[in-house]
Amino acid sequence: MRSSRRHGLSPPAPSEGGFVRHVVTFGRILREAGLEVGPARISDALTGLDRLDIRNRDDVYWALRTTLVSRPEDLESFDRAFAAWFLRSPSRPPYRGALPVDKPARLSERTRTDRSGGVDGRGDEVTEVGWSLHEVLRRKDFAAMTPEEFARLSRAIAEVAAARPVRRSRRLRPHSRGRRLDLRRLARRSLARGGDPIERTFRRRIHVPRKLVVLCDVSGSMEAYTRALLLFLHAVVGSGRGVEVFVFGTRLFRLTEEFRTRDPEQALAAAAKRVVDWASGTRIGASLKVFNDTWGRRALTRGAVVVIVSDGWEREDPALVAREMARLQRAAYAIVWVNPLKGNPEYQPLAEGMRAALPHVDRFVAGHNLVSLEELAGVLAGIERRHAA
Amino acid sequence: MRDVSFATIDELEAGLRSARYLPERGLATALYLSLALEKPLLLEGEAGVGKTEAAKALAQATSSRLIRLQCYEGLDVAHAVYEWNYSRQLLHIRAAQEGTVSEQELFGPDFLIRRPLLEAIESTEPVVLLIDEIDRADDEFEAFLLEMLSDFQITIPEIGTVSGPRRPAVILTSNRTRELHDALKRRCLFHWIDHPTLEREIEIVGLRVPGIPARLAGQAAAFVQGLRRLDLAKPPGVAETIDWAQALAALGRQDLDARTVEDTLGSVLKYHEDFAAVRDEALVALVEEARTVAAGAV
């Protein structure tokens, strides 16, 4: 079989020459559509096509799909491009730039100074006279900050995020106080001693960061806090592997990739481009359901600490919130709910969505100022038992 | 050269069929290309769509030995590739008290325990290597695999580089509990397995549950297809359809009725909420629908 194999690009028959060009151009279209199609993949595609009857359109489709696509998310773009390029469907559908880029700029301008009543600050300036300015700032409600104050604080927010919950890995590492014999090293060392294991070596299980899944509400009612919390989340993603970030308003978006960039401003801008419903309504239950259905089913939640950041203002169906929270709770290691409104000492969980969710929440924390974010980081680092309240 | 080779996709399809596996055209093409290009194939899809089965069927169709590596968190080289037989080594050193034992002797092939990956690489007979649920293994292992899958050789520090006379066919499966490394994906062909069409699912049930009445097979498949359209926590896969059809056949049923469905639904649905969603009227309606659909399809 191998001997008969012709190598992809080399001698295209005259009638096939056009086809090779076709495939190469198609690769470029896919790249424009956001797929990662390198020369190696193109070469695979051509070699593959070489092995089958290219008059069979289905086989051509499957061969190209198998060789050029590597993620299910890209299948739709691929299908559109295939229809446009090979089947010459009348209009070429837009591949990108189609996302309504509603309010990308707003995110970076946010941190409001004018606040619309309702959630009141805590009058920190009055009660904390005599504290250093920094200390005042630490306790100031994010919603009440001026842009200058916020800028001074953003680095501190990032520093808070370093603490992560850990779990014991099943991997063993050499350790002087380990319990399990490290036989590999033992055998090697006893070579010099005629087979006597004089020097014993041990290994033990190590601690690694526990999976962390963050679901952040970016709807209108959370607007005053979103920027600070997103900065915090960006830093959490930067703290290492195994962090997944999603945001939701009326729909759920996965932002992990966007948050991988080093620069927080850049990450927020990238996020704003993806998410189309910043500062609109909230559908907590529906968003949780989408999360459970698509990500929970793939066991992303299993053993993870799940952090939900939201004020709990469900616009639609509180019963759905309860149901989906219960599902989430069964899979997760622990659920932490961060509600900036809880920063107000008079806060009562009156929002129906919040009330529905609370029975399934292990820790309920505030997150409205820097001090409460520090508390959150402490809570995350301190989770040691499943569903420990 | 592979002992059993396929000149066309149709031939491979026939081979898989004789291994009692019915692939959609896309999967058959992907498997065919994986053999033809000698590249690993990454299979993804919902649980129960037959990712693992595909590898088993491929092994049978190509008269290859199936070597399976089930991944789990913490899987390391000692369990996936090779390990030294330490107790034998220690005994050997003792036995040779008087003479001296060289390190070379001690870390030679005699003291090597071969784990699945090494076995697959070294094999002289044709092999299908199934690396199952790669997403469960951790990043370190993925990095190791990357190296192995690009050159099909394994480096053992004490011995050197090991490679075999032929490349194994490699199938990786993933449930997407996490995103795999881009570099690993770049080494692989990729195919997403969807749930089968109704006609195909009926065929699969007929093939996997010999002796099942055709009408019952049609109704069972149609019922499961109906379930997949509902908003369930865990929609059933083909594996569940087959299990269920087996249960129905074992009960000697000729026709699907609400009572039987209710009694046997445990082989199809695995979550309590899903049971609640498929109760009473919903269940009766689904059974009715399945009977009508099946009457048209069979």
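Below, read A as the first sequence line, B as the second, and so on, with proteins coming before strands; counting in each chain starts at 1. Since we're looking at a predicted model, the values are computed, not measured. Every heavy atom of this structure was used, including side-chain atoms; hydrogens, water molecules and symmetry mates were not.
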For B/L41 and A/T66, what are the C-alpha separation, side-chain angles and deciding distance, and is it a side chain to side chain contact (heavy atoms under 4.5 Å, CB included)?
CA-CA 9 Å; B/L41 173 63; A/T66 301; 4.3 Å; yes
Per-residue tally against chain B (heavy atom, under 4.5 Å) across A/A326, A/G296, A/P72 peaks at A/P72
OG (A/S70) and CG (B/D182) are apart, to the nearest 0.5 Å, by 6.5 Å
Honestly, the part of A/L68 sitting under 4.5 Å from a heavy atom of chain B is neither
The interface call for A/N56 against chain B, heavy-atom contacts under 4.5 Å, is side chain
Could you tell me whether a side-chain N or O of B/Y32 sits under 3.5 Å from a main-chain N or O of A/R51, the two making a donor and an acceptor?
yes
Residues at least two apart in sequence or cross-chain that pass ring pair (Phe, Tyr, Trp, His ring centres under 6.0 Å) with B/F107, listed by chain then number, are B/W84
Rounding to 0.5 Å, atoms CD1 (B/I9) and CG (A/L52) come to a distance of 4.5 Å
Ordered numerically, the heavy-atom neighbours of chain A under 4.5 Å found in residues 190-197 of chain B are B/F190, B/H191, B/W192
OG1 of B/T29 to CG of A/D58, rounded to nearest 0.5 Å, is 8.0 Å
The ring pair (Phe, Tyr, Trp, His ring centres under 6.0 Å) partners of B/F111 (sequence neighbours excluded) come to B/H92
Applying a strict 4.5 Å limit to non-hydrogen atoms, the region of B/L189 in contact with chain A is both
When the 4.5 angstrom heavy-atom criterion is applied to B/E158 and chain A, the contacting part is side chain
Turns out that what part of A/A63 lies under 4.5 Å from chain B's heavy atoms comes down to both
With sequence neighbours left out, the residues meeting side-chain hydrogen bond (donor to acceptor under 3.5 Å, both in side chains) with A/R327 are A/D293, A/E324
When rounded to the nearest 0.5 Å, the distance separating CG of B/L27 from CH2 of A/W62 is 9.0 Å
Does a side-chain N-to-carboxylate-O contact under 4.0 Å join B/R186 and A/E36? yes
Separation between OG1 (A/T47) and NZ (B/K39), nearest 0.5 Å, reads 9.0 Å
The salt bridge (charged side-chain N to carboxylate O under 4.0 Å, His left out) partner of B/E273 among A/R323, A/R330, A/K289 is A/R330
Okay, A/R41 and chain B: the region with an atom under 4.5 Å from a heavy atom over there is side chain
